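Written below as structure tokens is the structure these notes are about.
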2 protein chains.
Amino acid sequence: MADHRSVPEPTLRRLPCYIHVLKKVEQLGRQSVSTSDISRELKLDPTQVRKDLSYTGIVGKPRVGYPLKDLIEAIEHFLGWDECTHACLVGVGHLGKALLGYNRFGEYGVRIVAAFDVDEAVVGARISDHIVYHIDALPEIAQRFNIEMGILTTPASAARGASQNMVEAGIKAIWNFAPTALELGADIIVENAQLYATLAVLSRQMRGRVQAQPKPSPLRITPGAEQMGPEP
Amino acid sequence: MADHRSVPEPTLRRLPCYIHVLKKVEQLGRQSVSTSDISRELKLDPTQVRKDLSYTGIVGKPRVGYPLKDLIEAIEHFLGWDECTHACLVGVGHLGKALLGYNRFGEYGVRIVAAFDVDEAVVGARISDHIVYHIDALPEIAQRFNIEMGILTTPASAARGASQNMVEAGIKAIWNFAPTALELGADIIVENAQLYATLAVLSRQMRGRVQAQPKPSPLRITPGAEQMGPEP
DNA sequence: ATCATATCGAGTAATAAATCTCGATTTTTG
DNA sequence: CAAAAATCGAGATTTATTACTCGATATGAT
Ligand SMILES: NC(=O)c1ccc[n+]([C@@H]2O[C@H](COP(=O)([O-])OP(=O)(O)OC[C@H]3O[C@@H](n4cnc5c(N)ncnc54)[C@H](O)[C@@H]3O)[C@@H](O)[C@H]2O)c1
Ligand SMILES: NC(=O)c1ccc[n+]([C@@H]2O[C@H](COP(=O)([O-])OP(=O)(O)OC[C@H]3O[C@@H](n4cnc5c(N)ncnc54)[C@H](O)[C@@H]3O)[C@@H](O)[C@H]2O)c1
């Protein structure tokens with residue numbers, strides 16, 4: 001239905017979860033699926049699932065649900081995951097190697113066609129079938145392979161410099177795994193992987209579960225000042 | 001101020017970003033920081049930053065901002081990151097190895113004290129100074145090392161089984177990197193790392209930039225092609 | 001000492017998202 | 001063939017989150 005700019009971000013974030021559920025259901029041999037099925041699996045409200053799915057333009061049948069294959073395709077198409085985006089990865093360290101070894105990005109519309117680093121120890125190596133080039137080769141290779149997306153997995157200290165390199169090489173979208181906000185032009189799309197966001201939620205819940213009361217913490221600035229104006 | 005369950009999740013997700021900015025500012029030698037500084041760096045509204053920070057109980061000074069050191073400590077304490085949580089990692093594959101090689105989890109209140117797998121090829125190995133045990137040893141070792149958190153990095157197909165193992169070993173919180181919803185008791189805290197959520201947002205923005213119009217998609221229901229009831 | 005300025009913090013308004021309600025539709029059952 | 005059950009989809013309502021406003025206050029300049 002609505003194909004324009006007005007898709008809630010929470011919806012976008014849930015769509016991959018739907019795909020994962022749907023593919024699992026598909027392996028069971030089912031032909032169709034209802035929002036009740038999906039919501040049961042993901043513990044969401046059925047009408048929310050319905051509203052989310054409606055953004056993709058899919059139409060369901062009362063009493064039956066949605067045709068499974070069409071629904072998966074609709075979501076994938078909506079996200080652009082039915083088309084292949086050429087990506088490069090910059091920073092072949094621990095995390096970079098893990099991403100290079102992940103052989104399912106194709107399902108998510110991404111194909112890593114080159115990797116880059118500055119460390120002579122990895123430059124020239126083959127990591128999970130990907131050649132690691134020196135970062136200086138980025139502009140040329142980016143153009144040659146028509147690279148649209150950059151996956152940034154350098155240390156935080158190198159992230160801004162590396163992102164600059166990407167932009168200079170003509171890359172328009174960056175998936176940033178470094179815990180740093182990038183400083184780039186408004187025409188560059190940046191999305192931070194935010195690994196720690198989920199850890200923060202988890203940690204907070206753990207602490208909250210154990211000791212749910214407000215405790216007299218040692219982090220007060222002016223001792224004794226609860227909600228009055230702080231004394232000098 | 002409010003130390004109870006009433007912290008908005010968006011706030012929790014932003015707190016780690018603040019920590020990252022603050023630590024960078026700290027390295028510059030600054031003693032204090034204002035919400036204007038933070039909001040400029042992260043492109044957020046200053047009053048939103050202020051409201052987020054207020055949950056940690058920190059108090060700032062007009063015209064000056066917040067004492068940097070205290071602020072970092074306040075956020076870390078609020079998240080429980082000033083205390084060490086013992087964790088184990090289950091599934092020593094590409095991603096698991098990357099996480100084992102990450103030597104900064106201490107800053108996030110997590111210490112990986114053991115790793116587990118079923119594959120004889122990795123069981124017994126040392127990965128970045130972590131010993132890999134067979135999953136069968138999980139109950140004993142979890143108890144011995146007082147493991148509270150499980151980091152789940154198995155393939156999706158093994159995720160539910162492995163999470164079951166964790167729970168049986170007494171683990172109460174799971175950081176789940178597998179793209180599967182886990183089916184566990186309500187007393188178990190689960191947080192899904194959701195790697196693909198950010199990719200979905202990125203992909204959608206990329207496609208939206210290129211072709212913003214709604215197009216007649218081929219995803220309509222073919223009448224009569226359906227069968228299969230809703231119940232499996 | 002007084003004034004200008006930046007910033008905090010609380011309260012309020014506006015916006016966004018989740019949830020609820022209900023009529024319509026399709027399939028299965030009696 | 002009629003009734004019952006399940007589910008869709010649109011719209012209304014509620015709740016959550018973000019953005020705005022403003023008085024108070026600390027600092028540095030005049
Ligand atoms: N490893 C993890 O599990 C993990 C977890 C959370 C976050 N992260 C984040 O991901 C990023 C990478 O982490 P890591 O553990 O893989 O680090 P790492 O040190 O193992 O790897 C970083 C790689 O980047 C390369 N590099 C440095 N500067 C570069 C430059 N200017 N251009 C190109 N390459 C450059 C280094 O040579 C190295 O190979 C970090 O920002 C880290 O905070 C990693
Ligand atoms: N590698 C990535 O970059 C990446 C990216 C996104 C998501 N993921 C997700 O992370 C998970 C791990 O990915 P990966 O690439 O590391 O996979 P992988 O196949 O490299 O590693 C999985 C590991 O889990 C082990 N394992 C299997 N069953 C087990 C069980 N029952 N108990 C304990 N260990 C078991 C395997 O032996 C293997 O070592 C997957 O669910 C994947 O979807 C990975």
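In what follows, chains are A, B, ... by sequence order, proteins preceding strands, each numbered from 1. All figures in this text were calculated on a predicted structure; none of them were measured in a lab.
- Between the side chains of B:Asn146 and B:His86, not a single donor N or O lies within less than 3.5 Å of an accepting N or O.
- Nucleic acid contact for B:Thr47: base, since at least one base atom lies under 4.0 Å from a heavy atom of the residue.
- Judged by closest nucleotide on DNA chain C, A:Thr11 is the one of A:Pro62 and A:Thr11 placed further toward the 5' end.
- Ion pairing of A:Lys69 with A:Glu73 is present here, as a side-chain N (NZ or NE/NH1/NH2) and a carboxylate O approach within less than 4.0 Å.
- Counting to the nearest Å, the C1' atom of C:dA16 and the CG atom of B:Asp45 are 15 Å from each other.
- Rounded to whole Å, atom P of C:dA18 lies 18 Å from atom NZ of A:Lys43.
- Distance OH (A:Tyr66) to P (C:dT25): 16 Å, rounded to an integer number of Å.
- Computed from coordinates, the B:Tyr55 OH to C:dC8 P distance equals 17 Å when rounded to whole Å.
- If you measure from atom NZ of A:Lys51 to atom P of D:dG11, you get 10 Å, rounded to the nearest angstrom.
- Taking 4.0 angstrom as the limit, B:Lys61 places a side-chain polar atom (N or O) nearer than this to OP1 or OP2 of D:dT27.
- Atom-to-atom, CG of A:Asp52 to C1' of D:dC8 comes out at 15 Å; the value is rounded to the nearest Å.
- Between B:Asp37 atom CG and C:dC8 atom P the separation is 8 Å, expressed in whole Å.
- Figure legend: cation-pi geometry between A:Arg204 and B:Phe78, with NZ or CZ positioned under 6.0 Å from the six-membered ring centre and within 45° of its axis.
- Within 4.0 Å of A:Ser36, counting heavy atoms only, lie sugar-phosphate atoms of the nucleic acid but no base atom.
- Checked against C:dC8, D:dT17, C:dT26, the side chain of B:Pro8 finds its nearest nucleotide in D:dT17.
- Which of C:dA18, C:dT26, C:dC8 sits closest to the side chain of B:Thr35 comes down to C:dC8.
- Side-chain atoms of A:Asn192 never come within 3.5 Å of backbone atoms of A:Gln194 as a donor-acceptor pair (strictly under, hydrogens ignored).
- Looking at A:Arg63, its side chain has no donor and acceptor atom pair within 3.5 Å of the base of D:dT7.
- The distance from atom CZ of A:Arg50 to atom P of C:dA24 is 16 Å, rounded to the nearest whole Å.
- In plain terms, the two heavy atoms of B:Thr85 and B:Met149 that are nearest each other are CG2-CB, 4.0 Å.
- Minimum atom distance to the side chain of B:Pro10 is reached by D:dT18, of the listed C:dC20, C:dT27, D:dT18.
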